[in-house]
Amino acid sequence: MTATMHRWVQDDVIPDAVRSGMLKLPDLGPDDRCHVVAELTRRGESAQLIADRLGCSIRQVKLIRGQGMTQTLMALWQLERDRDRWRRMAEQPPLFVLRCG
């Protein structure tokens with residue numbers, strides 16, 4: 001038995017298409033649903049607003065937020081923000097110099 005590998009590629013246009021009303025939940029595959037909900041959540045949109053944009057219930061948005069792929073995307077983006085913040089801090093001169101002896 002041969003297992004087939006599923007490959008998904010992030011399309012950054014899809015969340016904006018949802019925001020503009022061009023796409024609704026039935027138009028999206030499971031992976032794109034996770035991406036859209038994660039991205040709109042990252043942009044600060046409430047579950048109610050995302051549900052309105054997708055034409056679905058708040059419960060459906062919360063279920064999608066709880067899915068592994070959505071959680072993974074949000075965790076990845078948080079790690080990227082943390083990395084960038086630490087990188088900026090490392091590039092700044094120290095606020096003080098500690099002198100001993």
Next on the checklist: D16: which residues meet the salt bridge (Lys or Arg N to Asp or Glu O under 4.0 Å) condition with it, sequence neighbours left out?
Outcome noted: R43
Within the 4.5 Å heavy-atom criterion, are [X] and [Y] side-chain neighbours or not?
X: D27; Y: V18; result: no
X: I64; Y: V36; result: no
X: D12; Y: H35; result: yes
X: M74; Y: T70; result: yes

Between [atom1] on residue [X] and [atom2] on residue [Y], distance to nearest 0.5 Å:
X: S57; Y: Q48; atom1: OG; atom2: CD; answer: 9.5 Å
X: R87; Y: E80; atom1: CZ; atom2: CD; answer: 10.5 Å
X: W86; Y: L79; atom1: CH2; atom2: CG; answer: 13.5 Å
X: D32; Y: E39; atom1: CG; atom2: CD; answer: 12.5 Å
X: Q78; Y: R42; atom1: CD; atom2: CZ; answer: 10.5 Å

Tell me if a side-chain donor or acceptor on [X] pairs with a main-chain N or O of [Y] at a distance below 3.5 Å.
X: K24; Y: R53; answer: yes
X: Q71; Y: R65; answer: yes
X: R33; Y: L25; answer: yes

Checklist entry - Under a single-linkage definition using a 4.5 Å side-chain heavy-atom cutoff for Ile, Leu, Val, Met, Phe, Trp and Tyr, are L54 and L49 assigned to the same hydrophobic cluster? => result no
Next on the checklist: With clusters defined by side-chain heavy atoms of hydrophobic residues (ILVMFWY) lying less than 4.5 Å apart, directly or transitively, does L28 cluster with L73?
Outcome noted: no
Next on the checklist: Quick check: closest heavy atoms across S20 and A17, and the distance to 0.1 Å?
Outcome noted: OG-O, 3.0 Å
Checklist entry - Do you know which two heavy atoms are closest between C56 and V61, and how far apart they sit? => result SG-CG2, 3.8 Å
Item to check | Flag if over 12 foreign heavy atoms under 6.0 Å of CZ, R59 | outcome: no
